[in-house]
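Reviewing the structure listed below.
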Amino acid sequence: MICVKIIKKDNFIFYADVEKTKEYYLSNSVCDCPWCRNLCAQIKDFSPELSDFLSEFGVDICRPDESVDFPEKDRVYYSLVGYTVTGYIETSGIYKTKIGDLNIQITNGDSPYYWFPNEQKEPHFFISVSGITLPWVLDEPIPDEERFIDKIIRFFKKKAN
């Protein structure tokens, strides 16, 4: 059964199949790199407003498709955390908003987040969140900072799998 929710934000109209999005998040793979595990260990309690915003679309905040991260001593700066929603955007362009200090963008994927690795087979769009900084909470040492080229290689290896 198709259960599409119409979500209006500013001049944008989103058609989200909330149930299929929830099913996707129950069945999709979650990256198990240390940075993603650190994010997933604490993102649920990070911002109730962000959690509410994402759940309106059926997104599980604890199961991002991807994160772009930069570790620093005892914390990690997540410059981008990406989520996938089953559905489509009626309005053209990129929807942008803020929740506190966080920047949110919603796009069909034409730019700039078409590269999110995801296992979605249905029509979909992307929600990206930038500006998250979290302490390192895993019971293991924070990995050494990677060279930028090594991050790119790691990212594309994840994308290929």
Side-chain angles (χ1 to χ4, degrees), residues 1-33 35-70 75-135 137 151-152 154-156 158-161:
M1 176 180 177
I2 298 175
C3 182
V4 175
K5 179 179 182 181
I6 299 171
I7 302 169
K8 296 179 181 179
K9 297 199 178 284
D10 299 327
N11 296 326
F12 282 78
I13 300 173
F14 305 95
Y15 292 85
D17 189 326
V18 173
E19 291 307 312
K20 282 197 176 197
T21 300
K22 287 179 181 179
E23 288 173 19
Y24 167 73
Y25 278 100
L26 289 173
S27 65
N28 77 324
S29 304
V30 177
C31 178
D32 69 345
C33 77
W35 300 278
C36 287
R37 286 188 287 118
N38 186 68
L39 174 76
C40 293
Q42 49 190 320
I43 193 67
K44 184 175 184 176
D45 298 322
F46 174 72
S47 168
E49 295 86 3
L50 176 61
S51 187
D52 290 347
F53 179 89
L54 293 173
S55 65
E56 181 177 10
F57 292 89
V59 171
D60 182 346
I61 194 171
C62 297
R63 299 181 65 86
D65 286 312
E66 184 59 84
S67 71
V68 178
D69 43 70
F70 297 94
R75 63 189 169 145
V76 180
Y77 172 68
Y78 294 91
S79 61
L80 180 89
V81 179
Y83 299 92
T84 303
V85 177
T86 305
Y88 64 96
I89 305 171
E90 180 176 281
T91 316
S92 62
I94 297 174
Y95 173 76
K96 297 179 182 181
T97 192
K98 289 182 75 79
I99 296 175
D101 292 335
L102 303 175
N103 295 304
I104 314 294
Q105 291 190 13
I106 304 178
T107 178
N108 274 320
D110 44 1
S111 73
Y113 306 114
Y114 64 90
W115 48 265
F116 282 3
N118 69 68
E119 299 167 14
Q120 183 62 266
K121 305 297 184 225
E122 305 283 335
H124 57 277
F125 56 91
F126 305 110
I127 300 176
S128 64
V129 182
S130 60
I132 297 173
T133 301
L134 296 171
V137 297
K151 283 183 176 286
I152 299 297
R154 176 172 56 93
F155 170 77
F156 281 105
K158 286 195 312 190
K159 176 108 171 113
N161 290 333

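One-based numbering along the sequence shown.
- For the salt bridge (charged side-chain N to carboxylate O under 4.0 Å, His left out) condition, no pair includes a residue of residues 79-104, sequence neighbours left out.
- Taking 4.5 Å as the limit, every side-chain heavy atom of V76 sits out of range of all side-chain heavy atoms of L134.
- When side chains are defined from C-beta on, F46 counts as touching L102, because their heavy atoms get closer than 4.5 Å.
- The closest side-chain heavy-atom distance from I106 to V85 is not below 4.5 Å.
- With Y78 contributing its side chain and W35 its backbone, the two residues share a donor-acceptor pair below 3.5 Å.
- Checking each of F14, Y15, Y88 against F125 for a ring-ring contact (aromatic ring centres under 6.0 Å, His included) leaves exactly one that passes, namely F14.
- In this structure a side-chain-to-backbone donor-acceptor pair under 3.5 Å is present from T91 to I13.
- Across every non-hydrogen atom of S79 and S130, the tightest pair is O-CB, 2.9 Å.
- When side chains are defined from C-beta on, P64 counts as touching C40, because their heavy atoms get closer than 4.5 Å.
- Interatomic distance, CG of N11 versus OH of Y95, reported as 10.0 Å (0.5 Å rounding).
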Problem - Check against side-chain contact (heavy atoms from CB on, under 4.5 Å), I7 and F12 - result: CA-CA 8 Å; I7 302 169; F12 282 78; over 6 Å; no
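- Looking at heavy atoms from C-beta onward, Y83 lies out of side-chain contact with T21 at the 4.5 angstrom threshold.
- Between Q42 and V137, the closest heavy-atom pair is NE2-CG2, 3.4 Å.
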Show me the donor-acceptor pairs within less than 3.5 Å that the side chains of residues 50-62 make with the rest of the protein, sequence neighbours left out.
unit_1: S55; atom_1: OG; unit_2: S51; atom_2: O; d: 3.1
unit_1: S55; atom_1: OG; unit_2: D52; atom_2: O; d: 3.1
unit_1: E56; atom_1: OE1; unit_2: K9; atom_2: NZ; d: 3.0
unit_1: D60; atom_1: OD1; unit_2: C62; atom_2: N; d: 2.9

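- Pairing each heavy atom of L80 with each of S128, the nearest pair is CD1-CB, 3.4 Å.
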Exercise for the section: Applying side-chain hydrogen bond (donor to acceptor under 3.5 Å, both in side chains), run through Y24 and D65 and close with a yes or a no. Expected result: CA-CA 11 Å; Y24 167 73; D65 286 312; 2.5 Å; yes
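- Distance check: S67 OG to I132 CD1 gives 9.0 Å after rounding to the nearest 0.5 Å.
- Across every non-hydrogen atom of I94 and Q105, the tightest pair is CG2-OE1, 3.7 Å.
- The CG atom of L39 lies 12.5 Å from the CZ atom of R63; values are rounded to the nearest 0.5 Å.
- Dense packing is recorded around CZ of R37, with more than 12 heavy atoms of other residues, nucleotides or ligands lying under 6.0 Å away.
- Take Y77 and apply the ring pair (Phe, Tyr, Trp, His ring centres under 6.0 Å) test, not counting sequence neighbours, and it matches no residue.
- Summarising the geometry, atom OG belonging to S92 is positioned 9.0 Å from atom CG belonging to N108; distances are rounded to the nearest 0.5 Å.
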